[in-house]
Number of protein chains: 2
Amino acid sequence: MAEKTKASRRQRERQRHRTEIVDVAMKLFAEKGFHNVSMQEIAAEAEFAIGTIYNFFDSKEALYREIMDEVANNVLSLVRPILESNADEQEKLAGFIRASILVFRENSAAIRLFLRANQGPLANIGTAHFSETAVEVHDTLQTKLRQVYAAGVRKGTFRALDPRVVSLALDAALRAIVFSVAEDTDETSLEQKVTDIEELFFRGILHDAWNRAASAGAASDRGRS
Amino acid sequence: MAEKTKASRRQRERQRHRTEIVDVAMKLFAEKGFHNVSMQEIAAEAEFAIGTIYNFFDSKEALYREIMDEVANNVLSLVRPILESNADEQEKLAGFIRASILVFRENSAAIRLFLRANQGPLANIGTAHFSETAVEVHDTLQTKLRQVYAAGVRKGTFRALDPRVVSLALDAALRAIVFSVAEDTDETSLEQKVTDIEELFFRGILHDAWNRAASAGAASDRGRS
DNA sequence: TCATATTATGAATTCATATTCATTTCACGC
DNA sequence: GCGTGAAATGAATATGAATTCATAATATGA
C-alpha cells in the first residue's frame, strides 16, 4: 500500500511534467505555428532540458500530433452532441454557432491551434498533415453539418442551397469571428457577434422589405454596372 | 540601334528567366507552403542552378515577398474598383462576390498562395509576416467592405449587423468556397456556388415563411433540447 | 546509509537547407 | 576567331535546428 502510494506519486509527478510541456508547446505552436517554434524554445519556456522533452515525445512531430489530436477530440465531443440531438434543424445550427464560440472561450490557445492547422478545406497540405485525427474530426463535423442542412431543406425549413456551400461558409465564417474575438479581448461584444452571425445566416443581410422585392429578380437583374 | 536591340535582347532574356523562376516558385509555395519548399527544389524545377536564383533574389524570403506583393496588388486592382464604383451597396457586394471568384479562376496558383498566407485575420503571425504589402491589401479590402456595408445599413438596405462581422464572414466564406472549387475541378458547379453564396448572404438560409414567423421568437425559443 | 531504478540533463552529433563565390559558359561587338 | 563583360553554375561553406546519449541527479525501499 505504501509502495503503491509512492509509486503513484512518481507517476503523478511525471504526468504533471508531461502536462507542463504540452501546455507550453500548445501555447507556442498556437502563437507562432509549427515551423516557427524550436524544441529549444519549448524546453526553455517549460524549464526543462531538451533531453527531457524527448523522454516524453519521440519527436517534434509526435508532440505536435498529440496536441492536435487531443484538441480535436475535445472539440468533437463538445460540438457533435448538438448536431446529433433531437432538436429541429434550425436549433441545431443555432446551437452549433453558439457552441463553436463557447468552446473557444474556454481554452482559446488550444482552439486557435486547431483552427490554425485546419484553415480551409486544404487541411491536408502543409503543416497539418501530421494529425489524421484532426483532419478526420474536421471532416466529421462538416459532414454532420451538411446532413443537418440537407434535412432542413427536405423539411422545407431551409432554402435549397448547396449544403456544401452552406456548411463551408458557416464553418469559415465562425473561424474568422473566433479569431477576431481572440484579438480584441472585448468580452461584451462576443454575445453581440454571436447574435449577428445567427441573423446573418438565418435571415441574410437584406432588410425584409428589400428581401421580398429583390428575391424574384435577384438572379436576372445583373448586367448593369 | 543594332546595339540597342541586342542589349535589349539580353535584358529580355534575363527578364524571362526571372519570370520563369517566379512562376515555379509561386507554384511550389502555393502547393506546399513556404517552409516546405527548398531553394534546391525551386532551382531544380525551374531548371536553373541555385546560384542563378541568388543572382535574381537576395534570399528565399525576398523571393517569397516579391511574389506575395505582386499577387496582392493584382487582387487589389481587380477588386477595389468594384467596391469604389457608383453602384448601390447591394450591387457592390454582389460584384465583390463574383469578382473574388473570377479573380481566382484566372490564376489559381497565385490566389491560392495569397489566401494561404493570409488565412484568417491573424495574417501577422507565422509565415505571412514577410509581406507587409499583402497584409495591407487585405486590410484595405476589409475596410472597404465594412464601409460599403455600413453605408448600406444607413440607407436601410442592409440589416444593422456589425459590419466587422459581416465583412469577416463574407471574406472567410468566399475563401472557403474558392478553395473547395480549387479541389474539385468541376467547372459547372462554380456558377451555382456563386449564386448560392449570394443567396446565403443576401437572404439567409431560412425560407421566407419561416423567416417572418421565426424572426421575432428566434432569440427566446431556445432551452428545449 | 546504501544500492537500484527512474528521471533529468545538455553538450555533441547529425541533418537539412540557405547562402556564397571562384570558375565556367555564353553572347556580343570587333 | 578573339577579347570582354554579363550570366549561369554548383561544389563548398555556413547556419540553424532536431535528435542522441553518456552522465548526473534524484527518489525509493531496505
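Chain identifiers are assigned alphabetically (A, B, ...) following the order of the sequence lines, protein sequences preceding nucleic acid strands; residue numbering begins at 1 within each chain.
- Mapped onto DNA chain D by nearest heavy atom, B:Phe56 and A:Tyr54 fall at different nucleotides, with B:Phe56 at the one closer to the 5' end.
- Taking the side chain of B:Arg14 as heavy atoms from C-beta on, and the options D:dA18, D:dA8, D:dG10, the nearest nucleotide is D:dA8.
- With respect to A:Lys193 and A:Glu198, no salt bridge is recorded, no charged nitrogen being found less than 4.0 Å from a carboxylate O.
- Contact check, B:His17 against D:dA7: no side-chain N or O comes under 4.0 Å of OP1 or OP2.
- The CD atom of B:Gln11 sits 14 Å away from the C1' atom of D:dG5 (whole-angstrom rounding).
- Taking atom CD of A:Glu20 as the reference point, atom P of C:dA8 lies 10 Å away to the nearest angstrom.
- Rounded to a whole Å, the OH atom of A:Tyr64 is 14 Å from the P atom of D:dA18.
- Judged by closest nucleotide on DNA chain C, A:Glu47 is the one of A:Gln40 and A:Glu47 placed further toward the 5' end.
- Between A:Glu66 and A:Arg18 there is a salt bridge, since a side-chain N of the basic residue sits under 4.0 Å from a carboxylate O of the acidic one.
- Note on B:Asp171 versus B:Arg175: salt bridge recorded, some NZ/NE/NH1/NH2 to OD/OE distance being below 4.0 Å.
- Closest to the side chain of A:Ser38, out of D:dA17, C:dT19, D:dT19, is D:dA17.
- Between the OG atom in B:Ser167 and the CZ atom in B:Arg146 there is a gap of 5.0 Å [rounded to 0.5 Å].
- Rounded to whole angstrom, the span from the NE2 atom of B:His35 across to the C1' atom of C:dA18 amounts to 13 Å.
- Here D:dT15 presents its C1' atom at 15 Å from CE of B:Met39, a figure rounded to the nearest Å.
- Side chain of A:Ile50, nearest nucleotide from C:dG10, C:dA8, C:dT20: C:dG10.
- The nucleotide whose nearest atom lies closest to any side-chain atom of B:Phe48 is, among C:dA18, D:dA8, C:dT9, D:dA8.
- For A:Ala49 against A:Ala43, the heavy-atom pair with the smallest separation is C-CB, 4.1 Å.
- The distance between atom CG of B:Asp58 and atom P of C:dT19, rounded to the nearest whole Å, is 9 Å.
- Base pairing analysis places D:dG29 opposite C:dC2; the two distances defining the Watson-Crick or G-U wobble pair are each below 3.5 Å.
- Using a 4.0 Å heavy-atom distance criterion, A:Phe57 is classed as making no nucleic acid contact.
- For the pair B:Ile42 CD1 and C:dA18 P, the computed distance is 8 Å after rounding to whole Å.
- Taking atom CZ of residue A:Arg18 and atom C1' of nucleotide C:dT6, one finds them 16 Å apart after rounding to whole Å.
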